[in-house]
Amino acid sequence: MMDENCIFCKIIKGEIPSTMVYEDEYVCAFKDLHPVAPVHVLVIPKVHIKSLEEVNEENAIYVGKVQEAFKKVAQIMGVNESGYRVICNCGEDAGQEVKHLHYHFIAGKKLGPKIIHD
Ligand code: AMP
Ligand code: ZN
């Protein structure tokens with residue numbers, strides 16, 4: 001369920017400080033340490049899934065709850081009307097650094113047409 005060496009599992013357990021913006025039984029959402037936009041929140045399942053490559057029938061409930069959480073985070077952050085972008089990096093070519101499935105929730109300015117950055 002949890003990986004004791006995983007930084008995001010530690011955040012879930014409260015062993016590492018974070019600025020939590022939303023939390024329920026399945027999901028938590030906290031501010032990214034290095035925001036790329038006025039609103040940059042990481043939304044994660046409360047179970048250690050390494051990446052999208054590890055989603056399966058057993059843990060899919062958590063991933064579904066993450067999908068449901070985005071609109072709640074949007075409301076809390078006040079961007080449900082202005083809009084937002086959600087990005088999930090999976091694996092080396094995508095530059096995934098933290099091996100605990102997480103979705104970047106980005107908003108608070110015009111994000112432009114690009115979804116790929118060098
Ligand atoms: P990725 O490159 O998709 O794996 O993104 C990892 C993200 O986690 C980066 O945007 C980091 O800024 C962020 N991050 C790493 N450690 C923490 C932390 N302790 N609290 C909040 N965000 C973090
Ligand atoms: Zn983890």
Side-chain angles (χ1 to χ4, degrees):
M1 286 291 275
M2 291 291 178
D3 178 334
E4 60 183 30
N5 296 314
C6 169
I7 187 168
F8 287 176
C9 284
K10 287 181 182 170
I11 284 176
I12 292 166
K13 288 183 280 185
E15 292 172 6
I16 284 182
S18 68
T19 306
M20 205 59 77
V21 303
Y22 173 76
E23 188 170 13
D24 64 29
E25 188 185 343
Y26 295 95
V27 172
C28 69
F30 53 93
K31 290 191 180 171
D32 196 293
L33 266 187
H34 304 289
V36 299
V39 175
H40 187 171
V41 171
L42 297 173
V43 186
I44 70 172
K46 280 186 166 177
V47 62
H48 187 74
I49 302 169
K50 287 200 190 87
S51 78
L52 285 174
E53 284 291 304
E54 279 205 349
V55 176
N56 56 39
E57 216 170 307
E58 201 184 324
N59 61 31
I61 176 84
Y62 285 86
V63 183
K65 295 289 184 182
V66 167
Q67 299 296 318
E68 278 187 74
F70 295 132
K71 67 178 184 186
K72 299 175 189 173
V73 171
Q75 190 123 38
I76 290 162
M77 300 309 288
V79 296
N80 51 309
E81 287 183 3
S82 50
Y84 48 92
R85 180 173 291 161
V86 175
I87 297 168
C88 182
N89 294 316
C90 179
E92 200 178 330
D93 279 1
Q96 182 183 0
E97 282 172 10
V98 179
K99 272 58 172 183
H100 181 127
L101 179 63
H102 56 279
Y103 296 76
H104 296 258
F105 179 103
I106 296 163
K109 67 171 188 181
K110 287 268 181 235
L111 295 167
K114 286 188 180 176
I115 59 167
I116 296 171
H117 297 279
D118 296 331

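By convention here, the first residue in the shown sequence is residue 1. Basis for what follows: all heavy atoms, side chains included, without hydrogens, waters or symmetry-related copies. In listed order, ligands and their atoms are each counted from 1.
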His104 touching ligand 1 at heavy-atom level, < 4.0 angstrom: yes
Close approach, Ile11 and ligand 1, non-hydrogen under 4.0 angstrom: yes
Numbered atoms of ligand 1 (with element) below 4.0 Å of [X], judged on heavy atoms:
X	answer
Phe8	8 (O)
Leu42	8 (O), 13 (C), 22 (N)
His34	12 (O)
Val98	4 (O), 6 (C)
Gly95	2 (O)
Lys31	21 (C)

NZ (Lys72) with more than 12 external heavy atoms under 6.0 Å: yes
Between SG on residue Cys6 and NE2 on residue His48, distance to nearest 0.5 Å: 5.0 Å
Mode of Leu33 contact toward ligand 1 - side chain, backbone, both, neither (heavy atoms, under 4.0 Å): both
His100, N/O/S atom nearest the Zn ion (ligand 2): ND1
Considering only N, O or S atoms of His48, the one closest to the Zn ion (ligand 2): ND1
Plane angle bin for Phe105 and Phe70 - parallel if under 30°, tilted between 30 and 60°, otherwise perpendicular: parallel
Quick one: look up the protein heavy atom nearest [atom] and list residue, atom name and how far away it is.
atom	result
atom 13 (C) of ligand 1	Asp32 OD2, 3.4 Å
atom 16 (N) of ligand 1	Ile7 CD1, 3.8 Å
atom 4 (O) of ligand 1	Glu97 N, 2.6 Å
atom 1 (P) of ligand 1	His102 NE2, 3.1 Å

Side chain to side chain, Met2 and Val47, heavy atoms closer than 4.5 Å: no
Side-chain (Gln96) to main-chain (Val98) donor-acceptor, under 3.5 angstrom: yes
Cluster check Leu111, Val36: I/L/V/M/F/W/Y, side chain < 4.5 angstrom: yes
Minimum heavy-atom distance between Val43 and Val27, given as atom pair plus value: CG1-CG1, 3.8 Å
Atom of Ala107, atom of Ala37 and distance for their closest heavy-atom approach: O-CB, 3.5 Å
Worked check of side-chain contact (heavy atoms from CB on, under 4.5 Å) between Asp3 and Lys99: CA-CA 10 Å; Asp3 178 334; Lys99 272 58 172 183; over 6 Å; no
Pair Glu23 + Lys46: basic N to acidic O under 4.0 Å: yes
